[in-house]
There are 2 protein chains.
Amino acid sequence: MAGLAHSPLEAAALIMDVVPLVMRRMRKEMRSRRMSGLSLPQFRTLIFLRRHEGASLSQVAAHVGVGLPSMSKIIESLVRRDLVTRVTSASDRRCVNLSLSNPGLATVEEARRETEARVAELLAELSHQQRAEVYGAMQALQAAFDGAEPLSKTPRGAAHANH
Amino acid sequence: MAGLAHSPLEAAALIMDVVPLVMRRMRKEMRSRRMSGLSLPQFRTLIFLRRHEGASLSQVAAHVGVGLPSMSKIIESLVRRDLVTRVTSASDRRCVNLSLSNPGLATVEEARRETEARVAELLAELSHQQRAEVYGAMQALQAAFDGAEPLSKTPRGAAHANH
DNA sequence: TATTGTTATACTCTATAACTATA
DNA sequence: TATAGTTATAGAGTATAACAATA
């Protein structure tokens, strides 16, 4: 399979073709299963909050990879739907403490289970070796695409706190 | 590397984490290089039109993976910016024939070159073997995630014109 | 003054439904 | 009637800039 000499440019071209495709596919799966009407960013936000009770808006935004205004809006919609609680921090009243509500927890667990199952179903068509390849590739991409400036400097050895 | 036994579910979980990250990264690279202000779908539309002069709206929409209304708007904005020409088909006046204008061609080639270079730069940090793994994984994902219904049926033998 | 959020604007993307015009 | 596109509507994501509250 792989093995051949693929330049970074060739790989880049392929990624730019495939990643948006996978993205849309995941979105479509979520919508078609009417996952409580959760979008991907909302979904990822809930997932993060499940593991980081009381996180601040900035922390969530950084992890999900969006700006503060975007995350503020996302949280706003989740709070409105009673999936997330948002309270002002006692220690630093500029911050908010975000947590999953009980319905929020139930929702995220069901949605995650469902969506993962759909994606897994698609992956089940791959061979064991292909799946291992995908897994390894995702880890590599995660390391390469996480953080990191658009270019230039990057002392870049800098550890990538793995969330 | 890979080699270990990863279940489809584990791989799915990782994909759901990494793919959105890569996606945002590409968007960010494009924006930070002020790629003529092209969004990813617009970009992909131009790329497709470069190889498919005179394609119809439906054809482009199918390839890019969006609905007709979305593509209609995307084309609208590209026509407004003089990057795409849209003329009614002579043979079937319900259809439109879409093509790149000269500025459109110049734009897409520069944008593609630039963006690929940025992505390639990130990939350059990977080992040769990792890159080969990524390449193979992308091909596998392309096959698994292209077309294919959310589940079930799929008479779908229908060939996938490989772009 | 610096930091944390929020609000305001303005686009783009997406989806559904209703509509036009062709066929 | 069926198909190709368009328009209308509505919601979500993103980005920038301006702003409030707190530190």
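By convention in this document, chain letters (A, B, ...) are assigned in the order of the sequence lines, proteins followed by strands, and residues within each chain are numbered from 1.
- Contact check for L38(B) versus L78(B): side-chain heavy atoms found under the 4.5 Å cut-off.
- Remark: P of dC13(C) and CZ of R25(A) are 21 Å apart, rounded to the nearest angstrom.
- Within the 3.5 Å criterion, the main-chain N or O of L83(A) finds a donor-acceptor partner in the side chain of S101(A).
- Side chain of R131(A) to backbone of S7(B): no donor-acceptor contact under 3.5 angstrom is found.
- Along DNA chain C, the nucleotide nearest G67(B) and the nucleotide nearest R80(B) are compared for position; the residue whose nucleotide lies closer to the 5' end is R80(B).
- For S77(A), the side-chain hydrogen bond (donor to acceptor under 3.5 Å, both in side chains) partners at least two apart in sequence or on another chain are Q42(A).
- Among all heavy-atom pairs drawn from A12(A) and V119(B), the shortest one is CB-CG1, 3.6 Å.
- Position along DNA chain D of the nearest nucleotide to A90(A) versus Q42(A) favours Q42(A) as the more 5'-ward residue.
- Note: CG (L78(B)) to P (dC11(C)) measures 16 Å, nearest angstrom.
- Contact footprint of chain A on DNA chain D: nucleotides with an atom under 4.0 Å from a non-hydrogen protein atom, first to last in 5' to 3' order, dA12(D) to dA23(D).
- Ranked by how close their nearest DNA chain D nucleotide is to the 5' end, G65(A) and S91(A) are led by G65(A).
- Looking at heavy atoms from C-beta onward, F43(A) lies in side-chain contact with L40(A) at the 4.5 angstrom threshold.
- The C1' atoms of five pairs define one axis at each end of the helix from dG5(C)-dC19(D) to dA23(C)-dT1(D), and these two axes lie 10° apart (to 10°).
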Please enumerate all protein N or O atoms sitting under 3.5 Å from an N or O of nucleotides 5-7 of chain C, with distances to 0.1 Å.
unit_1: dG5(C); atom_1: OP1; unit_2: V96(A); atom_2: N; d: 3.1
unit_1: dG5(C); atom_1: OP2; unit_2: S58(A); atom_2: N; d: 3.0
unit_1: dG5(C); atom_1: OP2; unit_2: S58(A); atom_2: OG; d: 2.4
unit_1: dT6(C); atom_1: OP1; unit_2: R86(A); atom_2: NH1; d: 3.3
unit_1: dT6(C); atom_1: OP2; unit_2: S72(A); atom_2: OG; d: 3.0

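- Not one N or O on the side chain of S70(A) forms a donor-acceptor pair closer than 3.5 Å with the backbone of V66(A).
- D82(A) is linked by a side-chain hydrogen bond (donor to acceptor under 3.5 Å, both in side chains) to nothing, counting only residues two or more places apart in sequence or in another chain.
- Not counting sequence neighbours, the partners of R86(A) by the side-chain hydrogen bond (donor to acceptor under 3.5 Å, both in side chains) test are E76(A).
- A side-chain N or O of S89(B) and one of S91(B) form a donor-acceptor pair less than 3.5 Å apart.
- Taking atom CG on L21(A) and atom P on dC13(C), their separation rounds to 17 Å, with Å as the unit.
- By the 4.5 Å heavy-atom criterion applied to side chains, K28(B) and R24(B) are not counted as neighbours.
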